[in-house]
Every structure is written in structure tokens, then in C-alpha cells.
Amino acid sequence: MEVCERLLCLAVVSSILCVGSVLGKYVRGIVNTKEDWVFLTRFCFLSDFGRLDFRFRYIKSRCCQNILLYFDDSSQWPAVYKRPDKDCYQKEAVLRPENNQVINLTTRYTWSGCVVEGEGDEEVLSCVGGRSFRSVRERWWYIALSKCGGEGLQLEYEMKLTNGQSFWTQHFSADEFGILETDITFLVIFSLVFILSCYFAYNLKGRQLLHTTYKMFMTAAGVEVLSLLFHCIYWGLYARDGVGNGSLKIMGKLLFSVSFLVFLLMLILLGKGFTVTRARISHSGSVKLSIYMTVYTITYIILFIYEAEFFDPGEVLYAYDSPAGYGLMGLQLLAYVWFCYAVLISLKHYPEKQPFYIPFFTAYTLWFFAVPVMALIANFGIPRWAREKIVNGIQLGIHLYAHIVFLAITRPSAANKNFPYHVRTSQIGILLSSPKAGVAGESFPHHAYGNSSFLGDSQPNFTELFSIQSGQLKTVEETVAGKGQEVQRNSEHKIITTTADLSSPNPAPLSHPLPPLLSTHSPLPPPRLPSHFTEYFSMQGGGGLSTKA
């Protein structure tokens, strides 16, 4: 839990650092530089419905400036961007004037919509107009500003880039189509998963089986729902005005990362047997986990900062196509190696837990490799104009797979053969508070599953609260079932509950006989004793047994 608190603190810090760095598709700004060629923005237009509406203003004395429209063909934008060997004239030369890719911001160029405003030295060129885009497929278009051979650029701009008039497409770049609908769909599904996990948690709590690892799963699912809620609000606002609220998007990403980290920590803890085969993690294991999760969290924060401050939109970089992204993939593979080792050790000492650990290990092996494989496919296999929407759907699908698998294998159903827990939460407290806890208190007694012994158990079984944990001594199980039945000794380490059959006519013989009871058929007692029926009670102690009658 200390690790989770650190994660949340670091997430808050990173959110403070990253707020306010997201741009929308309704862009405005001021250019004032000594460069003669600068990049302004990019947008992925549809093949038939792309539209650019603009308004540019600059002092007439700094005439004449040009708006350049490049598309993503290898002979266009990749041939000029970040090419120090090419000057301004060479960068303009790759454009095709017949395709109307140059907008000359002067009154001589009719289609620029420029007019002179003001008088004397305060004359300003105000250019208001637009462009429609046609292409054989969805294309990225890059908008740049140039004034070759001049004294730099100084211009105020305002642009609105749209795809059609529909609420679901108008302000969205073609690579973002479907993201809002996908997020809404997954929000509904994850909400149902979270509600179902709460229902299962209610049943587990009634049976005293609501362990810390299951609470971590619920936390991850709940945070995932919040993340999707923030994303849906952001994209909804963005669909309305083309700007949105960048803080909402950053918060959604942070919550998504926190959900992932909590779930990853839960998997490692379960692999190590926490709440399944042991009551606590060793001190050295806790230190290693704390260091690992801290490094993972710091790497995530670096990725956020890198994406917000250093990603170059002119190259359409993907989050994992960066040093921090590759670092995250490396840390995930390291976590998988640790996960494998932990599961193997748990199975070595508790082979009876195979019905849980084998499906658990198989399912989450796929999950561990899904994220790095997805990142590599996105970087090298998915076209840039379709990357964001495809990756968004795949990433959410991977998270949904992980949550549904865990919900299935831990469902508190009598027919579930993979149910991992067999020790009640109250019994864990007794184990840890035992004076002989030490190393022995860290491990649970060997038992396959508690689910078969908890059939129809909707309320706590208080008789199981009284348990005896052996340190170096053997445990004793007392069962008083019938006449002449002897006390049985069990060589295995088990949690023992002590009960008595109140319907049994003859109790089990004790090592020390009780004094004979008087009855109506006995001879008359001496005169000093009362004449009515008298019972004698004696208590037998020692041997670690207690008797309930």
C-alpha cells in the first residue's frame, strides 16, 4: 500500500508539470522569428471533406509572406522537414503550384482574400479565406510559413481545420476518427466490470475472503473507469469546439497509467503468492518491489514530460516511439521475468495451487507481451495517418482482457476450480499476531482451495476464527463425532477449528476420568449432603486443546 501511495503522489506531481501543453485543431498564435521558414501545424484530412479556414494578419511593410501546404508523400514533407542541407527556396521548390499548395498572402493573389487595413505606417494585411483538400486517400497535411530572402517572419494566425460537418468527425483529424466512440464503449464495459467486481467483493467480504490483492484489482478497475471518463469528457469538448481541455486529457492519461501500474503490482504480488500462499512479503522483497515500481513510475513521468515538451508534431511521433517509451517496454519485459520466477517458486512450494497458477500464468504471459508487441507494430506496421485510433482501441482491448480474465478466475462461484484464496482475512491477522509468526507466519498452511469448503457460505463462519498455528509443534484436530471415536492427529500443517457434536449421546473418553455423577438409582448419600440431584463439573486442560459444548 505504501507503493500505491507513492504512485499517486508522483502522478499528481507529473500532472502539475504537464498541464496546459496540448493543442487542438482550432489553432491560433503569433510567429515572430528571424527564420525564413517555420512549421505551424498538421492535420490529417479526409480524401473528400477536408477544409482549412484561415485568418492571417501581418504588417504590410513585412510583405510578402506565403502559406505552404505539404502532404505526406516522400517527395514532399519528409524531403524538407529537418533538412538543414536545404534552404528556403529549395523547400518551396518541392511544392506544385498547379495543386494550389502555395497561398501568397498579398492583395495580388485573389484566392488569399487579403485586404489592406489601417493607414500610413500602420497598414496591415488581413487575409481571410480557405482551402478544400482532395486526395486519393486520407493524408497528413503540414502547414508552414515562409518568406525566403527576407528579414524573418512576423505574423498573427488563426486556423480552423475540419473534416465534414458531423459532430463525430468535424474537428477530428482522420487518425482520430472513432476514438470518442471507442472510449464511450469501453467506459460502459469497464463500468460493468467494476460493478461486477464490487458485487463479487461483497460476497467475498461476507465470507471473509476479500483479500488485499482483490482490493488492488478493484482499485485498478475503478481508476480505469475514471480515466475513460476524463478521456470521454475531453473528446466530447473537443468535438464541440476543436480545442477541448488539455488538463482533462493529461489527467486521463495519468489515471490510465496509475491503473496499469496498480494492476502490474498486483500481478507480481500474486505471482509471489501474496494472499494466496503467504500472508506477507519478505522485507527484501518489499524493498525490491518499492524500488522497481518507483523506477517504473519515474519512467512514466519522464514519458509524459517528453511527450508534452519534446515531441515534434512535424514528425507525428507516437508515445512509445521515444527513449522513454522504449524504457517502458524494457521495464515491462523485466517485470515478466520477475513474474515468471515468482510463479515458479510459488508452484514449487505449493503444487496444489496449480489449478490457479497455470491459467493465471498463461493468460498474463500474453498480456505482458501484448503491450511491447503493440508498440512495435504501431511504430513500424501501422500507417501514421491511422495509428492513433488503432492503437487506442488495441490498448483498451488489452486492458479489458486483463481485467476480465482476473474477474473470471477469482469469481466466488462454487463451480470455480481456479479460485485462489483458502484462508480467511481474520485468520491472516491471527497468523501474523502469533508469537511464533516469523517466517512460518508468512506462509499459509497447505490447502488446495477454500471454495469447496465454503459452499453456500454467505455469512462468516465464526467457528473458523478459532485456529491454532503451529510453529515447531504438530497441530491437532479434534472431531467429536460418535461413541468411542478417538482424537485424530494430523501430520500436515492445517488451520484447525474446534467444534463439538451436541447431539452425540456419549462424548469421547478423556485422559482423566470424571467423578461419577449421582443419579436417582444411586444409594442415598450421607446425611451431610443435600438430597436433590447434584452435578459435578471438571475442566480438562493442556495439550493445546479447547472444548466447546
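Numbering starts at 1 and runs along the sequence shown.
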As a quick check of understanding, evaluate salt bridge (Lys or Arg N to Asp or Glu O under 4.0 Å) for K82 and E315, giving each step before the final call. CA-CA 9 Å; K82 287 193 173 180; E315 295 180 335; 3.8 Å; yes
Does F194 form a ring pair (Phe, Tyr, Trp, His ring centres under 6.0 Å) with H403? I'd like the steps, not just the answer. CA-CA 9 Å; F194 179 68; H403 284 74; over 10 Å; no
Which value, rounded to the nearest 0.5 Å, describes the distance between [X] atom [atom1] and [Y] atom [atom2]?
X    : Y    : atom1 : atom2 : result
R134 : L46  : CZ    : CG    : 10.5 Å
Q354 : N418 : CD    : CG    : 12.0 Å
I184 : C232 : CD1   : SG    : 5.0 Å
S286 : F274 : OG    : CZ    : 8.5 Å
N245 : I233 : CG    : CD1   : 10.0 Å
T410 : L204 : OG1   : CG    : 7.5 Å

Taking the six-membered ring for Trp, are F177 and F172 closer than 6.0 Å centroid to centroid?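 Centroid separation for F177 and F172: 6.0 Å or greater.
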Is the ring centre of Y199 less than 6.0 Å from the ring centre of Y202?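 For Y199 and Y202, the ring centres are not under 6.0 Å apart.
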Evaluate side chain to side chain contact (heavy atoms under 4.5 Å, CB included) for F361 paired with L344, printing each intermediate quantity in order. CA-CA 10 Å; F361 176 78; L344 290 176; over 6 Å; no
Within the structure provided, determine whether [X] and [Y] are in side-chain contact (heavy-atom separation under 4.5 Å).
X    : Y    : answer
I103 : F54  : yes
I179 : W168 : no
P313 : T41  : no
Y70  : I143 : no
L228 : L396 : yes
I345 : H349 : yes
L209 : Y214 : no
Y421 : P412 : no

Of all residues at least two apart in sequence or in a different chain, which pass the salt bridge (charged side-chain N to carboxylate O under 4.0 Å, His left out) check with [X]?
X    : answer
R57  : E117
D241 : none
R83  : none
K348 : none

salt_bridge(R131, D53) N-O dist < 4.0 Å: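 Not counted as a salt bridge, because no side-chain N and carboxylate O are separated by less than 4.0 Å.
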With a 4.0 Å cut-off, would you call D72 and R139 a salt bridge?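 A salt bridge links D72 with R139.
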Modelled atom types, side-chain donor and acceptor of [X] and [Y], under 3.5 Å:
X    : Y    : result
T162 : R51  : no
Q76  : Y142 : no
D312 : Y81  : yes
T275 : T213 : yes

For residues [X] and [Y], report the shortest heavy-atom separation together with the two atoms involved.
X    : Y    : answer
G273 : S346 : N-OG, 3.7 Å
N100 : L69  : O-CD1, 4.0 Å
S197 : F217 : CB-CE2, 3.7 Å
G236 : F167 : O-CZ, 4.0 Å
A378 : R387 : O-NE, 2.8 Å

Passing option when F339 is tested against Y364, F360, Y292, Y357 for ring-ring contact (aromatic ring centres under 6.0 Å, His included):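 With F339 as partner, Y364, F360, Y292, Y357 yield a single ring-ring contact (aromatic ring centres under 6.0 Å, His included), made by F360.
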Should the ring pair F369 and Y336 be called parallel, tilted or perpendicular, given that the plane angle runs from 0 to 90° and is split at 30 and 60?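 Answer is perpendicular, since the angle exceeds 60°.
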Is the H399 ring parallel, tilted or perpendicular to the F256 ring (thresholds 30°, 60°)?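 Plane angle under 30°, so parallel.
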Under a 3.5 Å distance rule, please check whether [X] uses its side chain to pair with a backbone N or O of [Y] as donor and acceptor.
X    : Y    : result
R240 : W235 : no
R42  : W141 : no
R55  : Y157 : no
E156 : F56  : no
S282 : G285 : yes
S227 : L255 : no
W77  : G314 : yes
Y238 : H171 : yes
K160 : L52  : no
N163 : Q170 : no

Pair L187-D183, side chain to side chain contact (heavy atoms under 4.5 Å, CB included): steps then yes or no: CA-CA 6 Å; L187 174 61; D183 285 356; over 6 Å; no
Before giving the answer on side chain to side chain contact (heavy atoms under 4.5 Å, CB included), spell out for F43 and M159 the whole-Å C-alpha distance, their side-chain angles and the decisive distance to 0.1 Å. CA-CA 11 Å; F43 196 74; M159 291 181 288; over 6 Å; no
For F419, is the NZ or CZ atom of R207 found under 6.0 angstrom from the centre of its six-membered ring and inside 45 degrees of the ring axis?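 Checked: cation-pi criterion met.
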Heavy-atom count check: over 12 atoms from other residues, nucleotides or ligands less than 6.0 Å from F49 CZ?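 For F49, atom CZ is not crowded (no more than 12 foreign heavy atoms under 6.0 Å).
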Apply ring pair (Phe, Tyr, Trp, His ring centres under 6.0 Å) to residues W367 and F260 and explain how you reach the verdict. CA-CA 12 Å; W367 180 81; F260 173 83; 5.5 Å; yes
Please test W140 against D175 for side chain to side chain contact (heavy atoms under 4.5 Å, CB included), starting from the C-alpha separation and ending with a verdict. CA-CA 9 Å; W140 279 103; D175 67 314; 3.4 Å; yes
Disulfide (SG to SG under 2.5 Å) with C44: which residues, sequence neighbours excluded?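 With neighbours one apart ignored, the set is empty.
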H231: what forms a side-chain hydrogen bond (donor to acceptor under 3.5 Å, both in side chains) with it, not counting sequence neighbours?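 Here no residue qualifies.
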